[in-house]
Amino acid sequence: MVGTFDATTFLSSVENQLGKSDRKGVELSLDYRLSSVLELFASYTWLDADEPDGSTEIRRARHQASLSGTWHMAQDRADLTFAVQYNGDQDDQDFSSFPATRVTLQSYVLVSLAGRVTLFEGLDAVARVENLLDDTYQAVLGFNTPGIGAYAGLRARF
């Protein structure tokens, strides 16, 4: 996509670029139950995404990875999951200048913790803490991202 700007009306919009973008990559994942109570999950993505002019696509990290472990307790009536997610450097556009300039957003790591307890058949109490380390990061230039956040609720199955 490219941005269009009308200097007379000061209106802007986006439109699809002409040409063909080129994307290639590899995704790997592993889900392994180490024992009856411990399960590990890992994933990795390598992505090479180019615009029709050969430049790197914006907002596409070349490297992404995640690792999580789940501890199943009380005959699977409760579990606790710890997860780490990595997002590599990625290019973006800085629209605070005209014409927009290309910038690099720094890589970041997010850590989360989630838990579940079965209260009775069909009803679970669930809770999670996202961005556990209260990391400051940007996935899109100029847009703030949430700091640490805690959530709790009930999940019903019928």
Side-chain angles (χ1 to χ4, degrees), residues 1-3 12-17 21-51 55-96 100 102-158:
M1 291 228 224
V2 294
S12 64
S13 184
V14 294
E15 63 183 34
N16 290 330
Q17 278 188 346
S21 60
D22 181 40
R23 293 185 186 107
K24 58 185 173 247
V26 175
E27 291 186 331
L28 304 169
S29 66
L30 171 69
D31 192 353
Y32 186 70
R33 191 120 187 186
L34 290 170
S35 69
S36 62
V37 297
L38 186 59
E39 183 176 8
L40 292 177
F41 177 80
S43 69
Y44 172 75
T45 300
W46 173 80
L47 177 65
D48 183 20
D50 296 325
E51 298 283 2
S55 65
T56 302
E57 277 191 5
I58 63 169
R59 301 183 187 143
R60 304 283 188 267
R62 185 172 290 265
H63 303 280
Q64 291 181 312
S66 67
L67 177 65
S68 65
T70 300
W71 179 29
H72 302 278
M73 301 168 274
Q75 290 85 30
D76 273 345
R77 294 187 55 81
D79 56 52
L80 186 64
T81 301
F82 179 80
V84 178
Q85 181 180 4
Y86 169 78
N87 196 82
D89 293 351
Q90 61 185 20
D91 288 349
D92 203 351
Q93 293 283 346
D94 182 353
F95 293 102
S96 67
R102 189 170 283 251
V103 296
T104 299
L105 300 178
Q106 297 301 307
S107 63
Y108 57 90
V109 174
L110 297 176
V111 176
S112 63
L113 185 64
R116 175 195 60 87
V117 174
T118 298
L119 301 174
F120 54 84
E121 189 62 37
L123 184 65
D124 294 340
V126 294
R128 73 182 187 277
V129 178
E130 296 179 350
N131 194 3
L132 188 64
L133 303 178
D134 201 19
D135 194 19
T136 301
Y137 66 99
Q138 287 189 352
V140 177
L141 184 68
F143 286 83
N144 288 332
T145 50
I148 188 171
Y151 307 89
L154 297 171
R155 181 173 56 203
R157 291 181 308 278
F158 302 98

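Counting all heavy atoms, side chain and backbone alike, L154 lies closest to L123 at CB-CD1, 4.1 Å. Of all the heavy atoms in R59 and A139, the pair that sits closest is CG-O, 4.4 Å. Heavy atoms only, all atoms of each residue included: E51 and I58 are closest at OE2-N, 4.1 Å. Between R116 and V126, the shortest heavy-atom distance links the atoms CG-CG1, 4.1 Å. When all heavy atoms of H72 and S36 are compared, the closest pair comes out as CB-O, 4.3 Å. Residues W46 and K24 come closest through the heavy atom pair CZ3-O, 4.0 Å.
In this structure a side-chain-to-backbone donor-acceptor pair under 3.5 Å is missing from N87 to A61. T45 places no side-chain N or O within 3.5 Å of a backbone atom of Q64 that could act as its donor or acceptor partner. Remark: side-chain polar atoms of R157 are not paired, donor with acceptor, to backbone N or O of D124 under 3.5 angstrom. A donor-acceptor pair under 3.5 Å links the side-chain atoms of D89 to the main chain of S107, judged by distance alone. Looking only at distances, a side-chain donor or acceptor of D94 sits under 3.5 Å from a matching main-chain atom of S96. A donor-acceptor contact shorter than 3.5 Å is absent between the side chain of D134 and the backbone of G147.
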| task | Evaluate the side-chain contact (heavy atoms from CB on, under 4.5 Å) criterion for residues R62 and D48: first the C-alpha distance (whole Å), next the side-chain angles of each, then the deciding distance (0.1 Å), finally the verdict. | result | CA-CA 6 Å; R62 185 172 290 265; D48 183 20; 3.4 Å; yes
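The line from CG of L28 to OG of S43 is 9.0 Å long, rounded to the nearest 0.5 Å. Atom-to-atom distance recorded for F82:CZ and S68:OG is 10.0 Å, nearest 0.5 angstrom. Within the model, atoms CG of L141 and CD of Q90 stand 10.5 Å from one another, a figure rounded to the nearest 0.5 Å. If you take OH on Y32 and CG on L40, they are separated by 9.5 Å, rounding to the nearest 0.5 Å. Rounded to the nearest 0.5 Å, atoms CG (D91) and OG1 (T104) are 4.5 Å apart. Rounded to the nearest 0.5 Å, atoms CG (D76) and OG1 (T118) are 8.5 Å apart.
Within the 4.5 Å cutoff, the side chain of Y44 has no heavy atoms near those of the E27 side chain. Contact annotation: the side chain of Y108 never approaches that of Q85 to less than 4.5 Å [non-hydrogen atoms, C-beta and beyond]. E57 places a side-chain heavy atom less than 4.5 Å from the side chain of S21. Residues T145 and Q138 fail the side-chain proximity criterion, which asks for heavy atoms closer than 4.5 Å.
When the options L67, T81, T70, D31 are evaluated for a side-chain contact (heavy atoms from CB on, under 4.5 Å) with F41, the one that passes is D31.
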